[in-house]
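Here is the structure we will look at.
Keep in mind that this is a model prediction, so the values were computed, not measured. Reckoned from all heavy atoms, side chains included, excluding hydrogens, waters and symmetry mates.
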Amino acid sequence: MKKMLVFSALVVLFVSIAAEPKTKNCNDVRAAYSSKGFNINDVPNKGVQGAPLKVCPQGFTCCTVEMEEKLSQQSHSDLKAPISELSSKLQSNFKQRHQHFDQFFRELLENAERSLNSMFVRTYGMMYVQNAELFKNFFASLKRYYLLGSAGVDLDAMLSEFWADLLERMLRLVNVQYDFTSSYMECVSRHTDQLQPFGDVPRKLRLQLTRAFVAARTFTRGLALMPDVVNRVSTVTASPSCVRASMKMLYCPYCSGQVALKPCQNYCLNVMRGCLANQADLDTEWNNFVDAMLGLADRLEGPFNFESVMDPIDVKISEAIMNMQENSMQVSQKIFQGCGQPRPAKVARSQRSVKETGFTGRFRPYSPDARPTTAAGTSLDRLTTDVRKKLKLAKKFWSTLPDTVCDGERIAPGDECWNGTAKSRYDAVVIGNGLANQVSNPDVEVDITRPDVVIRSQIAVLKEMTSWLKAAHSGNDISFDTGDEASGAEGSGSGCDSPTCETDRDIYFSTPANPVVPRVHKVVVKEKSTAHRATLGSWALAACGLALLTPHWR
């Protein structure tokens, strides 16, 4: 019996002696602390009892106050790392998509201009070359409209000017037996819309251009806004209470000598939802914005397809020219009836016949199968299909961020985890997302009365941009103000032929979607000079369904 008692006592003594080095030894902590880039000599060789730590539990510890301070700073960096990684990936995705769309739209404009120039040179020769600046200015205005919208170009006024100028030039060509003064041409210009010399082409083209350009420009701005918002929101500084909570979660196990111990998942969720409470409040407007982007993407693929408008624009303008050619005599008669009989030209000039100067060439019918190589080596359908997938994945990004961080190797499943004080089960209830829910957070002190001003400003930005996207979805022309009085609202086509649509309305976006946005200026449509009016045109045009005009317009 005595032997048995002695043996048991020896076993207990052996176990306690064997366990003591494991409890007191801080070698694992020294190695882990050194792996973080800190001086290994800061770590005591053996644990101490009752060190005056500010965050970690009192009692046995391998940490000093100085170590705790350094590990607190490290915990802040460790907390930001996964958030930064996820945010950077999101930023990169949409920066690339913005570049792809922007390049695609710009190249479509360039390709359309080159195609028109090539076809018109081939069809009309020198008669087109002598008037090529008219079309060069037309495309320059379209490019400016893509960049600035109605704040940079009044599309209606620009298109009216284009068709009026084209009519004047053709009127001179098909009536070479007359001299037209600048005042006479002013009369003609004022009544171009009444004459409808180009049939229904100008009206249809205005509607198509407005809708397609508004959709393309707004969608591109939306893509540019996303990485900017993500960057601003993800770099918001963590509060001191958040840093304290992250230290307790990530490195207090170190101080207790349990360097491999990871936090419980629910514990991690409460810490992260407390630290990311303001970001989670962005989620509602972020999701509304993403839904509006998806809605506009549908328009881009459907009725507001930029590619289907720009690719055949040369053929559409040619159609107007050919219509006018076939009805040139009728158009001229209506003009003479309204503006008066022009004076005869010199004999030498009047001897030239209309047949000698008129156009005989016609463009081939437009066929989608015969389209040239698409811009940027891709198509709008491919681009929108790709970006739609990315947009869907971006929904609920901010509300699911804590769940994404508190997953995988960052946490320990089950009860064998760090609960904030020991290796045990975490019993507290997991609180909800958002600032209002943090009043009951057991692990992070959050002042719910002081929302973050940066994030609140980004919520406002998203809300405005969503309104902009919804307006574009309805085909409404829009603009934004950068400080100067924006212009172009009055007279800009809404692109909406429904009675329920609000026309002639601008929506001003006070915060630029891009970090750097060019200042917009009022574009004034200048009166044409006498010399400009007197330029001899070289076009033969025709109109379908001409309106009857009242005589004596002058």
Which residues pass the side-chain contact (heavy atoms from CB on, under 4.5 Å) test with [X], not counting sequence neighbours?
X      : answer
Arg410 : Pro82, Glu85, Val405
Glu110 : Glu113, Arg114, Lys143
Lys395 : Asn287, Val290, Asp291
Val236 : Gln279, Asp452, Val454, Ile455

Between Val229 and Met465, does a side-chain contact (heavy atoms from CB on, under 4.5 Å) hold up when you go through it step by step?
CA-CA 11 Å; Val229 170; Met465 188 67 203; over 6 Å; no
Please name all residues satisfying salt bridge (charged side-chain N to carboxylate O under 4.0 Å, His left out) with Asp283, sequence neighbours left out, ordered by chain then number.
none
With sequence neighbours excluded, what pairs up with Asp381 under the salt bridge (charged side-chain N to carboxylate O under 4.0 Å, His left out) test?
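Residues passing salt bridge (charged side-chain N to carboxylate O under 4.0 Å, His left out) with Asp381: none at all.
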Quick check with a 6.0 Å cut-off and a 45 degree axis cone: is Arg211 positioned over the face of Phe304's six-membered ring?
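No, Arg211 does not lie over the aromatic ring of Phe304.
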Going by ring-ring contact (aromatic ring centres under 6.0 Å, His included), name the residues that satisfy it together with [X], two or more places apart in sequence or in a different chain.
X      : result
Phe162 : Phe135, Phe138
Phe94  : none
Phe213 : Tyr145, Phe306

Please round to the nearest 0.5 Å and tell me the distance separating atom [atom1] of [X] and atom [atom2] of [Y].
X      : Y      : atom1 : atom2 : result
Leu195 : Asn327 : CG    : CG    : 12.0 Å
Trp398 : Thr284 : CH2   : OG1   : 13.5 Å
His473 : Leu300 : NE2   : CG    : 10.0 Å
Arg456 : Ile459 : CZ    : CD1   : 4.0 Å
Thr404 : Ile83  : OG1   : CD1   : 10.5 Å
Leu383 : Arg388 : CG    : CZ    : 11.5 Å

Exercise: do [X] and [Y] side chains pair donor with acceptor under 3.5 Å:
X      : Y      : answer
Gln337 : Gln333 : no
Lys316 : Gln208 : yes
Asn117 : Tyr128 : yes

Under 3.5 Å, is there a donor-acceptor pair between the side chain of [X] and the main chain of [Y]?
X      : Y      : result
Ser308 : Asn305 : yes
Asn175 : Tyr178 : no
Trp286 : Ala394 : yes
Thr220 : Ala216 : yes
Asn137 : Glu133 : yes
Thr384 : Leu380 : yes

Parallel, tilted or perpendicular, as decided by the 30° and 60° cut-offs, for the rings of Tyr124 and Phe120
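The arrangement is perpendicular - the two ring planes meet at more than 60°.
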Partner set under side chain to side chain donor-acceptor pair (under 3.5 Å) for Asp407, not counting sequence neighbours:
none
Who pairs with Ser183 by side chain to side chain donor-acceptor pair (under 3.5 Å), at least two apart in sequence or on another chain?
Thr181
pair [X]-[Y]: side-chain heavy atoms closer than 4.5 Å:
X      : Y      : value
Leu223 : His100 : no
His191 : Ile335 : no
Met310 : Leu209 : yes
Asn288 : Leu462 : no
Leu109 : Arg106 : no
Val387 : Phe219 : yes
Glu307 : Phe104 : yes
Val214 : Asn476 : no

Which heavy-atom pair separates [X] from [Y] by the least distance, and what is that distance?
X      : Y      : answer
Gly222 : Phe289 : O-CZ, 3.4 Å
Leu296 : Ala215 : CD2-O, 3.7 Å
Tyr184 : Cys339 : CE1-O, 3.5 Å
Asn433 : Ala280 : CB-CB, 4.0 Å
Gly434 : Asp281 : CA-OD1, 3.2 Å

Evaluate side-chain contact (heavy atoms from CB on, under 4.5 Å) for Val153 paired with Leu147, printing each intermediate quantity in order.
CA-CA 9 Å; Val153 174; Leu147 288 175; over 6 Å; no
Taking only Lys NZ, Arg NE, NH1 and NH2, and the carboxylate oxygens of Asp or Glu, determine whether Arg172 and Asp179 approach each other closer than 4.0 Å.
no
Between Arg169 and Asp165, does any side-chain N to carboxylate O distance fall below 4.0 Å?
yes
All pairs passing side-chain hydrogen bond (donor to acceptor under 3.5 Å, both in side chains) where residues 86-95 contributes a residue, at least two apart:
none
Is there a side-chain hydrogen bond (donor to acceptor under 3.5 Å, both in side chains) between Ser115 and Asp314? Walk through the geometry before answering.
CA-CA 7 Å; Ser115 178; Asp314 47 5; 2.6 Å; yes
Asp386 vs Arg382, test: salt bridge (charged side-chain N to carboxylate O under 4.0 Å, His left out). Steps then yes/no.
CA-CA 6 Å; Asp386 170 66; Arg382 291 193 203 102; over 6 Å; no
side-chain contact (heavy atoms from CB on, under 4.5 Å) evaluation trace for Lys392 with Leu294
CA-CA 8 Å; Lys392 289 178 180 178; Leu294 287 167; 4.2 Å; yes
Intermediate values then yes/no, side-chain contact (heavy atoms from CB on, under 4.5 Å), Leu155 and Met158
CA-CA 5 Å; Leu155 187 65; Met158 185 276 285; 3.7 Å; yes
